[in-house]
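What follows is a short report on a single structure.
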Amino acid sequence: MTEWKRTHHCGEVRKTFAGQTITLNGWVNRRRDLGQVIFVDLRDRSGLVQIVLDPEVLGPEQFALAERLRSEFVISVQGIVQERPEGQVNDKMATGEVEIHVSQLSILSEAKTPPFHIHQASDVDEALRLKYRYLHLRSKELQETIMLRHRTVAAVRSYLDGQGFLEIETPLLIRSTPEGARDYIVPSRVHPGEFYALPQSPQLFKQLLMIGGFERYYQMARCFRDEDLRADRQPEFTQIDVEMSFVDRDEVMKTMEDMIIHVLSEVKGVQIESPIPRLSYQEAMDRYGSDKPDTRFAMELVDVTEHLGNSEFRVFADTVSTQGVIKGLNVKGGASFTRRQIDQLSEQAVSMGAKGLMWFAIEESQIRSPIAKFLSEQELDAIRKTLAGEVGDLLLLVAGSYDLVSDVLGRLRLALAKELDLIDENLYNLLWVVDWPLLVYDEEAGRYMAAHHPFTAPLDEDVDLLESDPGKARAKAYDLVLNGVELGGGSIRITSRSLQERMFAALGFSMEEAYDQFGYFLEAFEYGAPPHGGIAFGLDRLIMLLAKRQSIRDVIAFPKTISASDLMIEAPSRVSDRQLDELKISLRD
RNA sequence: GGAGCCGUGGUGUAGUUGGUUAACACGUCGGCCUGUCACGCCGAAGAUCGCGAGUUCGAGUCUCGUCGGUUCCGCCA
């Protein structure tokens with residue numbers, strides 16, 4: 001009873017197969033019943049092919065079976081591949097030149113009418129699609145995306161294997177740490193009242209693997225964070241997690257950019273030139289107002305503070321006297337914006353925290369601006385020159401603290417690029433952002449926090465800033481940015497005991513507190529730790545970019561909703577009293 | 001934690017200033033049909049308008065609450 005087994009896939013049948021008898025397995029995508037002949041588009045993961053069900057070939061009994069076929073029935077057909085008759089070629093189908101004239105039909109599984117049309121599932125309410133995820137997965141879009149994901153992972157593995165990396169798994173049941181994101185917690189039955197945590201990342205384990213002597217490690221690491229979600233954030237996600245020994249920053253970056261270049265070439269056929277451009281964090285903020293700049297279009301931020309330092313215009317004078325900055329954008333061709341459009345831009349700027357948005361429309365005879373009358377001829381001219389304003393351009397200025405101005409203009413820049421359609425969607429602009437701040441002052445906590453994590457090494461020349469001016473210290477950290485999206489980040493780690501102590505001190509931890517939390521980890525460094533560093537890439541985000549999807553849910557086979565529910569399996573759920581009893585857990589209320 | 005949007009036959013949508021038979025397309029079911037490919041033609045079934053309160057003579061429509069989905073801010077590397 002094996003004659004139902006396929007000899008070929010639907011999507012691969014071509015004219016060259018004509019005359020062959022083949023067997024196909026798949027789902028009924030669509031049926032067109034003309035009475036004395038039935039056409040069916042048969043679907044498997046390779047694609048579609050038309051099969052012809054003709055009573056003269058099938059015989060009356062089998063044709064009666066064919067009449068029962070409905071959408072999503074799973075069938076097996078055996079038949080002869082034939083070129084389609086003159087004028088019947090369907091050039092919308094890859095297999096449109098041929099059809100299978102079926103002589104043997106088996107229904108392997110009948111199907112209820114599905115709750116939505118598989119072939120236009122993307123229009124359907126997302127809650128319904130998630131409940132019947134296994135049906136949505138049959139759609140062309142999701143099939144292609146999940147296959148793209150597979151090819152990407154395969155390309156990563158083959159590259160890293162070729163570079164001498166070992167794939168090593170690390171535990172999922174680990175110890176909770178208060179730093180960073182909220183942990184998912186797992187109660188222990190054997191240790192009542194104690195809990196495991198699911199890893200936010202395998203950070204400490206991969207460093208311990210370096211201390212364990214494996215030199216080059218990677219893993220497709222599942223990570224968990226119990227935080228509020230977004231279109232590009234899931235409670236569980238996958239990182240391409242990498243760590244290397246006996247390397248400096250340049251070597252990690254070189255190896256990793258070659259990996260991404262390899263993936264883009266393998267998966268998308270895109271050729272990227274090496275080396276990838278590098279931008280310091282400071283320069284990224286100065287020029288793009290973002291720590292992950294999208295360089296597919298220009299419209300860079302320009303600082304005009306120095307030209308307006310002596311202005312009598314209140315806004316400028318106040319800004320300068322409070323050590324603020326005045327920066328701007330040149331919106332090419334923006335002088336033709338309507339007043340309404342400009343007002344909307346101002347509203348946007350204000351909603352982002354700006355006090356206001358100043359604008360200058362450069363026309364043939366004048367510079368049109370509500371604040372022109374407050375400015376001298378020289379000042380107007382300086383603004384126009386510094387921003388390289390030409391007739392037809394719209395110049396936008398924002399004044400305030402450096403951080404605020406950068407943020408507002410950076411976001412305005414992206415919004416304008418989208419609105420004006422300045423972005424070439426075919427580009428793949430990769431760049432490194434380096435020399436990150438090591439520490440960031442947290443007003444709420446009243447202390448410095450690690451910008452990356454507490455084991456990130458400072459730049460050699462900045463080590464002494466740990467005590468003298470911690471906020472100024474830069475880190476041996478690097479982020480890889482693709483088209484304005486952070487693909488991944490990493491750092492060279494601290495391997496010196498004394499430097500680690502100074503780092504904890506800067507973070508306001510005593511060594512006792514540090515040992516309490518990370519004792520096993522710090523102890524490991526006392527037994528011979530190689531210099532090492534690594535990086536982690538968000539695999540889901542990478543796939544999202546490669547597949548050009550708007551949501552990370554589209555690139556995960558079984559994603560959760562924005563409220564972290566799985567609508568298919570209905571998780572999370574209550575558990576039985578017996579389970580709770582075993583865990584010595586009682587619920588409040 | 002905060003703000004916005006969405007929820008009407010199985011699916012996607014329409015539904016006027018609140019007004020009595022909730023419309024259309026696809027799908028489903030039945031009939032016809034031998035070259036369709038979004039097959040076509042004829043006919044039929046299918047909705048307590050997410051749920052709960054309120055306003056009103058009367059609510060799919062207005063108000064409040066609630067549930068679910070989603071987008072953004074906070075949060076999260």
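Per chain, numbering begins at 1; letters A, B, ... match sequence-line order.
- Applying the 4.0 Å criterion to OP1 and OP2 of U36(B), one finds that R32(A) has every side-chain N and O outside that range.
- Residue-to-nucleotide contacts include no donor-acceptor pair under 3.5 Å from the side chain of R30(A) to the base of G27(B).
- Listed pair R553(A) / U70(B) meets the phosphate criterion, a side-chain N or O lying under 4.0 Å from OP1 or OP2.
- In this entry the distance linking CG of D123(A) with C1' of U13(B) reads 11 Å, nearest Å.
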In 5'-to-3' order, the base (B), backbone-only (S) or no-contact (-) status of each nucleotide in nucleotides 29-35 of chain B, using a 4.0 angstrom heavy-atom cut-off, is SS--BBB

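- A sub-4.0 Å separation between OP1 or OP2 of U28(B) and a side-chain N or O of K112(A) is absent.
- The base-pairing partner of C75(B), taking Watson-Crick or G-U wobble contacts with both distances under 3.5 Å, does not exist among the strands shown.
- A sub-4.0 Å separation between OP1 or OP2 of G68(B) and a side-chain N or O of T561(A) is absent.
- Under the Watson-Crick or G-U wobble criterion, with both distances below 3.5 Å, C33(B) is left unpaired in every strand shown.
- With a cut-off of 3.5 Å on both pairing distances, G60(B) has no Watson-Crick or G-U wobble partner at all.
- In this structure, H119(A) places its NE2 atom 14 Å from P of G12(B), rounding to the nearest Å.
- Figure legend. C39(B) is base-paired to no nucleotide; pairs are counted as Watson-Crick or G-U wobble with both atom distances under 3.5 Å.
- Remark: of the listed residues R138(A), E141(A), R30(A), R43(A), R30(A) is the sole one forming a side chain to side chain donor-acceptor pair (under 3.5 Å) with H119(A).
- For L567(A), counting side-chain heavy atoms from C-beta on, the closest listed nucleotide (G69(B), A38(B), C76(B)) is G69(B).
- In this structure, H136(A) and K131(A) have side chains that are not in contact, with every pair of non-hydrogen atoms separated by 4.5 Å or more.
- In terms of heavy-atom proximity, V98(A) sits nearest to R84(A) at O-NE, 3.0 Å.
- Salt bridge present: R278(A) and D250(A) bring a charged side-chain N and a carboxylate O closer than 4.0 Å.
- Projected onto RNA chain B by closest heavy-atom contact, S71(A) and E486(A) fall at different nucleotides, the more 5' of which corresponds to S71(A).
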